[in-house]
Each structure stands twice: as structure tokens, then as C-alpha cells.
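As the structure is a computational prediction, the values presented were derived from the model and not from experiment.
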Amino acid sequence: MEKLRSRFVRFMYGRYGNDPLNRALLVVTLAVLFVNVFAQFAILEGLILLLIIVSNFRAFSKNIYKRQMENQKYLQLMKPLSKEYKLTVRRIKEGKDYSFKKCPKCHQVLRLSRKRGRHSTVCPKCGEKMKVHIL
């Protein structure tokens, strides 16, 4: 088994390998495969095959610079979605202890402690004074 592992390591030397874009391609491939289990369209089968070929081509490519540039473009494209996802998860986790309100002037989201009743607060970004009602 160790001999096979060392051969694979030697084979992969100088090749690009796996990155976040390849993992995303794998997730999309699995999602399309799942849909195709129920829909059974020939187009979806072709798409699955194409995604597998592209993913393997990227992983075994020796043109590392090009693959890195593709990955950087993907990461830049996904950055806003990732930021929004992380914010949503954080709000869900902190939902018991904090309330989130938007400033009416600058639309900055404020994290306020969850004390019942009417309170006044100041926006740290624009200095707007506002009253909030927490249930």
C-alpha cells in the first residue's frame, strides 16, 4: 500500500491538485447527479460527465499559474455570498442574546442586547440617535 501511495505522490508532483473551485465543482456535480436520479435527462448526464472531466483536468493540470488564477476569480465571485452566509449564521447563533436592527439613516446593522422594552441607542457609524422597541 505504501508503494502505491508513493507512486501517486510522484505522479502528482508538479500538478495542481485540489482547491475550493474543484470542491465546488464536486458539490455541483453531486447536486446534478441527485436531480438526475429523479429527472433522468440525457442533458444532465452530459453535464455530469463534463463537470467530472473539468474537475479532473484542473486537478491533474501542470499549468499551476492558470489554475490559481481561475481559483482566485472563483473566490472573488464567491466572497460576497460567503460574507452574507457567515453573517446569517452569526445572527442565528446570537439570536437569543442579541437583536439586530438597521439604522434608518445609514442602514448599518446594529447588534443590540436583547433587553425587553423601548430603548434609545446611537449608531456608531453615523451618530444617528434612534429609539428601538424589543419584544
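Contact of the Glu94 side chain with the Arg111 side chain is registered, since non-hydrogen atoms from C-beta on lie closer than 4.5 Å. Within the 4.5 Å cutoff, the side chain of Thr29 has no heavy atoms near those of the Ser55 side chain. In this structure, the side chains of Tyr85 and Arg90 stay at 4.5 Å or more apart for every pair of heavy atoms. Considering only heavy atoms from C-beta on, Val109 comes within 4.5 Å of Arg91 through its side chain. Side chains of Asn71 and Tyr16 form a contact here, defined as non-hydrogen atoms less than 4.5 Å apart. Two residues are said to be in side-chain contact when any heavy atoms from C-beta on lie closer than 4.5 Å; Arg114 and Asp97 fail this criterion.
Between the CE atom of Met130 and the OG1 atom of Thr121 there is a distance of 5.5 Å, given to the nearest 0.5 Å. Of the inter-residue distances, the one linking Arg67 atom CZ with Phe60 atom CZ reads 13.5 Å to the nearest 0.5 angstrom. In this structure, SG on Cys123 lies 12.5 Å from NZ on Lys102, to the nearest 0.5 angstrom. If you take NZ on Lys101 and NE2 on His119, they are separated by 10.5 Å, rounding to the nearest 0.5 Å.
With hydrophobic clusters built from ILVMFWY side chains whose heavy atoms lie under 4.5 angstrom apart, Leu110 shares a cluster with Val132. Both Leu33 and Val54 are members of a single hydrophobic cluster when ILVMFWY side chains are connected at heavy-atom separations under 4.5 Å. A continuous path of ILVMFWY side-chain contacts below 4.5 Å connects Leu81 to Leu21, so both sit in one hydrophobic cluster. In the hydrophobic cluster analysis, where Ile, Leu, Val, Met, Phe, Trp and Tyr join through side-chain heavy atoms closer than 4.5 angstrom, Phe41 is grouped together with Val28. Residues Val35 and Leu25 fall within the same hydrophobic cluster, defined by Ile, Leu, Val, Met, Phe, Trp and Tyr side chains chained together at heavy-atom separations under 4.5 Å.
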Give the table of side-chain donor-acceptor pairs shorter than 3.5 Å for residues 4-12, with sequence neighbours excluded, one pair per line with atom names and distance.
{"residue": "Ser6", "atom": "OG", "partner": "Glu2", "partner atom": "O", "Å": "3.4"}
{"residue": "Ser6", "atom": "OG", "partner": "Lys3", "partner atom": "O", "Å": "2.8"}

Which side-chain N or O atoms in residues 44-52 pair as donor and acceptor under 3.5 Å with protein atoms at least two apart or in another chain?
none

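Listed for the Ser61 side chain is a donor-acceptor partner under 3.5 Å among the backbone atoms of Asn63.
Listed here is the closest heavy atom pair of Cys103 and Glu128: SG-CB, 4.0 Å. Shortest non-hydrogen contact noted between Ala59 and Arg15 is O-CB, 4.1 Å. Lys125 and Gln108 make their closest contact through CD-OE1, 3.5 Å (heavy atoms, listed as atom of the first residue, atom of the second, distance). What you find for Tyr74 and Ala24 is that their closest heavy atoms are OH-CB, 3.1 Å.
With respect to the salt-bridge test (charged N to carboxylate O, under 4.0 angstrom), the residues Lys66 and Glu70 do not qualify.
Taking Asn22 as the reference, Arg58 meet the side chain to side chain donor-acceptor pair (under 3.5 Å) condition, with sequence neighbours excluded.
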inquiry  = Applying side-chain contact (heavy atoms from CB on, under 4.5 Å) to Gln72 and Leu75, what does each step give before you reach the verdict?
reply    = CA-CA 5 Å; Gln72 286 301 317; Leu75 291 175; 4.2 Å; yes
key: From CA spacing to verdict: side-chain contact (heavy atoms from CB on, under 4.5 Å), Phe34, Leu30   = CA-CA 6 Å; Phe34 180 74; Leu30 291 175; over 6 Å; no
